[in-house]
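Single-structure report; data block below.
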Number of protein chains: 2
Amino acid sequence: MSKTAGNANVFTAIADPTRRAILDLLRQGEQPVKQIAQPFEMSLPAISQHLSVLCEAKLVTQRKEGRQRFYRLNPEPLKQVSDWVNHYEQFWQEKLDVLGNYLEDNS
Amino acid sequence: MSKTAGNANVFTAIADPTRRAILDLLRQGEQPVKQIAQPFEMSLPAISQHLSVLCEAKLVTQRKEGRQRFYRLNPEPLKQVSDWVNHYEQFWQEKLDVLGNYLEDNS
DNA sequence: ACAACAGTTAAGTATTTGCTTAACTAAAAA
DNA sequence: TTTTTAGTTAAGCAAATACTTAACTGTTGT
């Protein structure tokens, strides 16, 4: 009941470069499918399927308007990724410098 | 020559939960394969294959000692992930609170 | 009513993935 | 030297992925 269930895994959702690119696009704000698809050399159904995966991982939400579907970024699940990766932060150090600079600029 | 080349992709390497768990283990320090494999209900070859993937993604390095192979964490490639996910940081806010607390504790 | 448009769903396919068991290589112990 | 021990490599397989084209649903415009 807990094993590989529904599988709306964030990590697998962001494993695909096309899906990451879609998320990057959506940082500019919500967009209809056709506009999302435009920069990709790929059929519309392919994009639609990627959007489904992102939807199941809750990384995007849908809004229906007329015959258009606007997709909007929902970055909250990425917190999971951020939290995980931050466990490794201490190892590469640079992050701490960034914080140091912040403190310098604000002291 | 640039498309889906060698495919030593960090994002796909960390997409698998077993591989993430292995990396988590290795945060405690380098370990031989048998010890790495122990907590998993999976054959040794399966673990060996996961280690290969992590190796190709440069997330671990190998050290040979006698008949043992010690694997050691190399978290640098995770910076890629951290950098990407940090583009989304502004959206979920909590990170800023953490920084806020830090500043409070050190003012 | 009907054609065009926006998008999804269905069906099929080639490739990749995550495992298995069996066979192998190399070092240590007997 | 023979036998464990540690681990990788090979071969095979079922399931998942990332696409494709074709068929469908629903909305808008004529």
Side-chain (Arg19(A)) to main-chain (Ala13(A)) donor-acceptor, under 3.5 angstrom = yes
side-chain contact (heavy atoms from CB on, under 4.5 Å) partners for Gln38(A), two or more places apart = none
query = Starting at CD of Glu41(A) and ending at C1' of dA18(D), how long is that distance when rounded to a whole Å?
reply = 16 Å
query = Looking only at side-chain N and O atoms, does Ser43(A) come under 4.0 Å of OP1 or OP2 in dC19(D)?
reply = no
task = Round to a whole Å and report the spacing from CZ of Arg63(B) to P of dA6(D).
result = 16 Å
query = Quick one: Gln35(B) CD to dA6(D) P, roughly how many Å, whole number?
reply = 11 Å
Counterpart residues, side chain to side chain donor-acceptor pair (under 3.5 Å), relative to Glu65(B) (two or more places apart) = Arg63(B)
query = If only atom types and distance count, is the side chain of Arg20(A) paired as donor or acceptor with the main-chain N or O of Ile14(A) below 3.5 Å?
reply = yes
inquiry  = In this structure, how many angstroms lie between the P atom of dG18(C) and the CD atom of Glu56(B), rounded?
reply    = 12 Å
request  = Could you run through nucleotides 23-30 of chain D and give me one letter per nucleotide, 5' to 3': B if any protein heavy atom sits under 4.0 Å from the base, S if only the sugar-phosphate is that close, - if neither?
outcome  = ---BBB--
task = Tell me what Gln62(A) touches on the nucleic acid: a base, only sugar-phosphate, or nothing, going by heavy atoms under 4.0 Å.
result = sugar-phosphate
task = Please state how far atom CG in Leu44(A) lies from atom P in dA10(C), giving the value in whole angstrom units.
result = 17 Å
note = Whole-Å distance, Gln49(A) CD to dA10(C) C1', equals 10 Å
task = Would you tell me if any nitrogen or oxygen in the side chain of Ser48(B) comes within less than 4.0 Å of OP1 or OP2 on dT8(D)?
result = yes
5' precedence on DNA chain C between Gln31(A) and Ala46(B) (nearest-nucleotide basis) = Gln31(A)
request  = To the nearest Å, give me how far apart NZ (Lys34(A)) and P (dA4(C)) are.
outcome  = 14 Å
message = Please classify the nucleic acid contact of Tyr71(A) as base, sugar-phosphate, or nothing, using heavy-atom distances under 4.0 Å.
response = sugar-phosphate
key: side-chain contact (heavy atoms from CB on, under 4.5 Å) involving Lys34(B) - partner list, sequence neighbours excluded   = none
task = Only counting residues at least two apart or in another chain, list the ones meeting side-chain contact (heavy atoms from CB on, under 4.5 Å) with Ala46(A).
result = Met42(A), Ser43(A)
ask   = For Met42(B) and dT17(C), what is the distance between atoms CE and P respectively, to the nearest whole Å?
value = 16 Å
message = Please enumerate all residues that pass side-chain contact (heavy atoms from CB on, under 4.5 Å) together with Arg72(A), with sequence neighbours excluded.
response = Glu30(A), Thr61(A)
query = With respect to the phosphate group of dT17(D), does any side-chain polar atom (N or O) of His50(A) fall under 4.0 Å of OP1 or OP2?
reply = no
